[in-house]
Amino acid sequence: MMRRILFNLSVWSAVLIVAFPLFWMVVTSLKPQVELWARPPALLPLEPTLEHYLTLLRDTSFLVYFRNSVLLSTATTLLVIGVAALGAYSLVRFRYRGRESLAMLVLFTYLLPSVILILPLYLMMVKLGLANTLVSLVLAYTTFALPYALWLLRSFMAGIPEDLESAALVDGATRLGAFRDVILPQLLPGIISTALFTFILSWNEYLFALVLVNSDATRPLTTGVMNMLISSFNIEWSMLMAASVMMSLPLIIAFSLLQKYLTRGFGAGAVKG
Amino acid sequence: MAGVEFSRVRKEFGGFTAIEALDLRIEEGEFVSLLGPSGCGKTTTLRMLAGLEFPTAGEIRIGERVVNDVPPGQRDIAMVFQSYALYPHMTVRRNMEYPLRKRGLPAAERQASVLMAAEMLQLTELLDRKPRQLSGGQQQRVALGRALVRDPQVFLFDEPLSNLDAKLRGHMRAELVELHARLGRTMVYVTHDQLEAMTMSDRIAIILAGELQQFAPPQEVYRAPANRFVAGFIGMPSMNLVDGRLAHGSGSWQFMAPGIALPVPALAETAVAGEACLGVRPEHVHIGAGELQGRVQLVEQTGHENIVVLAVAGGIRLTCRTPASMIPRMGDTVDFRIDSERVHVFAPGDTGPRLNLPA
Amino acid sequence: MMAAMSTGGGEPGSQAESRTSRSPQAMLERRYARLGLLLIAPSIVVFSAVIIYPLLAAIYLSLFELYTPTLEGGFVGLSNYRELLARGEFWVSLRNTLVWTAGTLSLQIVFGIGMALMLHQNVWFRSLARSLILFPYFVSTVVAVLVWRWLFNDLYGILNHLLVEARLIDMPIDYLGAMPNAMISIILVGAWKYFPFVVIAVLARLQTIPDVLYEAARIDGAGPIARFFDVTLPQLREVLLVIVLLRAIWDFKEFDLIFLLTGGGPVISTQTLSLLVYKEAFALNQMGMGAAYGVVMMAIMLVFMIFYIRQARKGDSS
């Protein structure tokens with residue numbers, strides 16, 4: 001019994017150490033400015049305040065960044081899932097020459113460093129007149145999101161028994177009919193996981209946004225918030241922490257509602273290959 | 001009504017030839033089993049008939065129609081899968097309705113057909129459940145129901161009973177036979193279970209490594225196996241197969257192996273002296289009296305009979321059946337005889353053809 | 001119904017056609033293959049446009065001397081490569097990349113396995129603990145960096161405060177502005193951010209190890225340590241290989257975390273190859289040189305990538 005308690009305590013202290021930075025982020029965002037400089041720092045805000053959140057929303061471009069991030073991530077997710085669901089169906093359930101090489105190519109591109117692709121992509125966007133637009137970011141984000149989604153959906157698709165599709169074909173469905181009637185409903189949990197991951201990846205992306213977009217009107221959260229740090233004369237840590245909290249809010253929501261899908265996607269795609 | 005015909009059908013997967021050159025003609029209304037060990041090509045054959053695999057060469061007909069390029073849904077067939085392949089997100093009703101929907105039947109007609117099939121299979125109570133809420137046996141019935149509702153020309157079964165427990169399997173066998181009698185439709189049934197093939201079929205097609213070994217009614221397959229493979233494959237316990245030599249002397253043929261010398265009657269004209277294989281069913285080895293001797297090595301009592309394994313000279317073992325009352329002691333040496341009117345003689349080789357005329 | 005079909009000959013064309021044409025592939029099969037290609041076509045188009053083309057373009061660019069803002073310059077052949085190999089900065093960056101990758105990767109693996117083993121046990125509020133552990137991985141690198149820079153703050157950061165309080169140090173430490181502190185710091189933050197990946201992957205595998213293996217080992221007299229080495233570790237071997245390869249690739253090309261924490265500094269002490277590519281192309285405006293750095297970096301990564309792909313292929317076919 002004693003051993004159990006000790007074990008639990010040690011596990012939980014490890015967990016809490018890992019989680020501490022995030023705890024500290026929330027705490028700092030709620031502290032009035034004066035408390036930040038207090039020695040020793042208080043573990044919890046003495047007088048919790050939402051003033052930093054209000055400043056953030058009122059006096060900065062945070063909401064514009066937020067809107068950009070939402071638009072950007074949603075568009076990327078929809079585009080990528082649409083293309084990848086059909087592609088994964090093709091890769092798993094059709095037979096044609098080059099199919100295996102194609103699957104390996106997907107895996108290969110999934111591992112490519114963005115920092116190389118970004119140079120020609122930057123030139124391409126400038127040439128197409130798309131520089132500094134959200135569209136350029138959506139296109140750029142497909143470079144990592146599409147291989148990722150294809151690979152993940154492919155393994156979900158492979159988990160759907162082939163007999164189901166065969167049965168639908170014998171029952172009179174066309175290939176696409178079978179896809180719609182039988183495969184898609186079975187794939188739905190996989191699609192939700194993949195969409196969530198794609199959304200998170202896009203939401204968190206930094207490098208492409210840094211290079212391709214440089215006006216406040218089109219910046220997403222990552223570069224926008226970072227810019228607040230760099231451009232401000234006096235670093236306001238409380239406000240930056242408030243921004244961090246707000247920026248992580250969608251993740252927290254996704255986490256609490258859809259944890260099941262998150263871990264599933266994790267197991268299916270990331271490691272199993 | 002329609003029969004099925006394979007002519008010179010060949011199937012390759014990549015470089016691997018799964019089916020060599022299959023010729024098979026199934027009559028209208030016939031119940032035919034495709035029987036063979038796993039990987040022999042029987043399922044591939046069925047899936048080609050269904051339109052789920054594509055022959056590399058040759059023709060497949062359903063009725064008069066060549067169906068090579070007809071999509072599965074337009075072949076007027078229904079198929080029951082080993083995994084049942086019920087659509088998990090649809091209720092039993094929706095599952096059974098699906099083929100009718102795909103044919104664009106009006107709702108009222110769909111309902112009527114589903115209800116009729118459900119009644120026939122005692123599924124009426126379960127119509128609004130999802131497949132995962134059903135037992136294995138019930139799921140099996142739904143799969144059958146989904147095939148029934150559309151009244152196809154040909155039913156295809158891919159080991160439909162192999163996921164059921166033994167008792168239910170026996171029950172479903174009887175039910176399928178009854179169904180066949182009632183509908184009179186052509187049925188093609190893939191199985192690796194000889195009991196299923198023997199009890200249900202009008203004819204059995206035995207396949208090995210993509211080649212048809214024998215295509216005949218169950219009794220004939222049992223009484224006159226066309227080659228050594230069929231002989232060993234059909235029958236439980238399996239036929240004793242003894243390698244030895246054929247000798248010709250004074251107008252009659254003689255089979256000889258260590259400890260065994262036996263006259264064999266009625267050899268085909270193709271027979272020549274030399275290596276051969278003797279096949280004897282366990283029920284044709286009689287313990288008690290006779291000119292041969294063997295040591296009792298194993299006795300298995302099944303209740304209504306005993307299975308006895310005798311060790312004969314030269315490492316030869318013979319399995320025989322004895323009545324329940326006759327229990328030889330292990331280790332004893334007993335006399336026995338082989339009913340030479342009922343033996344089979346095969347040419348050497350795994351699929352050596354039969355050399356003697358059927359008894 | 002069948003009468004109509006057979007006499008009407010359902011599809012009169014099909015019979016004659018299949019008799020005459022002895023094509024190796026059935027028409028239906030070809031039709032399906034075409035449909036398959038049609039379905040993958042959008043993916044191929046996107047891939048070609050945003051991945052394949054840029055990849056080839058990057059290699060092409062590396063043969064030019066280009067000024068980024070105006071894109072003026074000319075073909076210089078392989079001279080970019082000759083120059084970069086002669087430059088000390090490349091070798092320093094490569095060394096930094098290797099130090100960073102090896103350091104953070106080994107910490108991720110060790111912490112990851114340790115935490116996974118702990119969370120595999122019956123812990124109070126296990127699913128809450130798992131969510132807390134996962135969070136650093138899913139949170140944006142920007143958020144992680146902001147938080148850590150606040151924790152690292154020399155005057156008001158809680159880290160320095162705690163260490164001073166505990167009398168482990170006399171003076172506040174400069175975590176990011178001096179060496180070797182900066183390298184150690186990014187390695188630690190990298191480990192913190194990415195070890196949850198290892199936790200989840202290992203945890204998923206642990207759950208599939210059959211209990212009978214442990215029971216058998218117990219019957220054979222194996223203690224907890226022997227059970228770990230004789231049962232758990234061999235079972236984890238394959239998944240660990242994949243994790244190590246995957247994480248090695250990802251750590252090797254990491255940009256955001258290092259760029260945002262130290263910017264490669266002090267001077268170039270934590271500058272990895274990714275940062276070098278970026279700096280060359282967008283800060284020094286030498287697009288061609290940047291591309292050359294990128295190509296070399298990818299060539300090095302290719303070793304790991306091929307290894308990983310082969311491993312994944314093996315898992316795929318089994």
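The sequence lines fix the lettering, A, B, ..., with proteins before strands; numbering per chain opens at 1.
In this structure, chain C has a heavy atom under 4.5 Å from the side chain of Phe7(A), while its backbone stays farther away. With a 4.5 Å cut-off on non-hydrogen atoms, Leu119(C) touches chain A through its side chain but not through its backbone. Neither the backbone nor the side chain of Ala41(C) comes within less than 4.5 Å of any heavy atom of chain A. Contacts between Phe304(C) and chain A at a heavy-atom distance below 4.5 Å are absent for every atom of the residue. Neither the backbone nor the side chain of Leu201(A) comes within less than 4.5 Å of any heavy atom of chain C. Only the side chain of Tyr89(A) comes within contact range of chain C, with heavy atoms under 4.5 Å apart. Using a 4.5 Å cut-off between heavy atoms, Phe111(C) does not touch chain A at all. At a 4.5 Å heavy-atom cutoff, the contact between Leu123(A) and chain C is made by side-chain atoms alone. At a 4.5 Å heavy-atom cutoff, the contact between Tyr53(C) and chain A is made by side-chain atoms alone. With a threshold of 4.5 angstrom between heavy atoms, Tyr122(A) approaches chain C through side-chain atoms but not through N, CA, C or O. Only the side chain of Val145(C) comes within contact range of chain A, judged by heavy atoms closer than 4.5 Å. Heavy-atom distances place the side chain of Leu302(C), and not its backbone, under 4.5 Å from chain A. Both the backbone and the side chain of Ile5(A) come within less than 4.5 Å of a heavy atom in chain C. Contacts of Val225(A) with chain C are made by side-chain atoms alone, with heavy-atom separations under 4.5 Å and no backbone atom involved. When heavy atoms are compared at a cutoff of 4.5 Å, Leu61(C) approaches chain A solely by way of its side chain, counted from C-beta outward. With a 4.5 angstrom heavy-atom cutoff, Leu162(C) does not touch chain A via any of its atoms. Neither the backbone nor the side chain of Leu79(A) has a heavy atom closer than 4.5 Å to any heavy atom of chain C. Using a 4.5 Å cut-off between heavy atoms, Arg149(C) touches chain A through backbone and side chain atoms alike. For Met301(C), the part sitting under 4.5 Å from any heavy atom of chain A is the side chain, from C-beta outward, and nothing else. With a 4.5 Å cut-off on non-hydrogen atoms, Trp192(C) touches chain A through its side chain but not through its backbone. Proximity to chain A (any heavy atom under 4.5 Å) is restricted, for Ile249(C), to the side chain, taken from C-beta onward. With a threshold of 4.5 angstrom between heavy atoms, Val211(A) approaches chain C through side-chain atoms but not through N, CA, C or O.
Note that the CZ atom of Arg126(C) and the CG atom of Asn8(A) stand 11.0 Å from one another [nearest 0.5 Å]. Taking CG of Leu146(C) as the reference point, atom CE of Met228(A) lies at 9.0 Å (rounded to 0.5 Å). With rounding to the nearest 0.5 Å, the separation of CE in Met104(A) from CD1 in Ile306(C) is 13.0 Å. Rounded to the nearest 0.5 angstrom, Ile52(C) CD1 and Leu117(A) CG are separated by 9.5 Å.
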Dump the intermediate steps for side chain to side chain contact (heavy atoms under 4.5 Å, CB included) on Trp24(A) and Ile158(C), then the final yes or no.
CA-CA 9 Å; Trp24(A) 200 238; Ile158(C) 186 132; 3.4 Å; yes
Dump the intermediate steps for side chain to side chain contact (heavy atoms under 4.5 Å, CB included) on Phe47(C) and Leu150(A), then the final yes or no.
CA-CA 11 Å; Phe47(C) 263 90; Leu150(A) 251 177; 3.5 Å; yes
Side chain to side chain contact (heavy atoms under 4.5 Å, CB included) between Leu55(C) and Phe108(A): does it pass, once the steps are laid out?
CA-CA 12 Å; Leu55(C) 198 60; Phe108(A) 174 74; 4.3 Å; yes
Can you list the steps and then say if Leu86(A) with Leu38(C) is a side chain to side chain contact (heavy atoms under 4.5 Å, CB included)?
CA-CA 9 Å; Leu86(A) 295 180; Leu38(C) 196 69; over 6 Å; no
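Looking at every heavy atom in both residues, Ser90(A) comes nearest to Leu37(C) through OG-N, 4.4 Å. Scanning all heavy atoms of the two residues, the minimum distance from Met115(C) to Val15(A) falls at CE-N, 4.1 Å. Of all non-hydrogen atoms in Ala281(C) and Leu119(A), the two that sit nearest each other are CB-CD2, 3.4 Å. Counting all heavy atoms, side chain and backbone alike, Ser274(C) lies closest to Val115(A) at O-CG2, 3.5 Å. The two residues Asn122(C) and Arg4(A) make their nearest non-hydrogen contact at O-NH1, 3.5 Å.
With chain C as partner, the option from Leu240(A), Leu210(A), Leu139(A) having the largest number of non-hydrogen pairs under 4.5 angstrom is Leu210(A). Contact tally against chain C (heavy-atom pairs below 4.5 Å) for Met226(A), Glu205(A), Met25(A): the top residue is Met226(A). Your options are Gly87(A), Pro113(A), Gly82(A), Ala243(A), and the one with the most heavy-atom pairs under 4.5 Å with chain C is Pro113(A). When Val80(A), Leu16(A), Leu111(A) are compared by the number of non-hydrogen pairs under 4.5 Å with chain C, Leu111(A) comes out ahead.
The aromatic ring centres of Phe138(C) and Phe197(A) sit less than 6.0 Å apart.
Counting only distance, with no hydrogens or angles, the side chain of Lys253(C) and the backbone of Leu112(A) share a donor-acceptor pair below 3.5 Å. Checking side-chain atoms of Trp12(A) against main-chain N and O of Trp124(C) turns up a donor-acceptor pair under 3.5 Å.
The closest side-chain heavy-atom distance from Leu132(C) to Leu22(A) is not below 4.5 Å. When side chains are defined from C-beta on, Leu91(A) counts as touching Ile40(C), because their heavy atoms get closer than 4.5 Å. Taking the side chain as every heavy atom from C-beta outward, Leu176(A) and Leu35(C) approach each other to under 4.5 Å. The shortest distance between side-chain heavy atoms of Val277(C) and Ile118(A) does not fall below 4.5 Å. Side-chain contact check for Pro147(A) versus Ile51(C): some heavy-atom pair is nearer than 4.5 Å. Tyr308(C) places a side-chain heavy atom less than 4.5 Å from the side chain of Leu107(A). Looking only at side-chain heavy atoms (C-beta outward), Phe255(C) and Ser114(A) stay at 4.5 Å or farther from each other. For the pair Leu207(A) and Asp256(C), the minimum side-chain heavy-atom distance is below 4.5 Å.
In this structure, Tyr32(C) and Phe94(A) have perpendicular ring planes: the angle between them is above 60°, well past the 30° mark.
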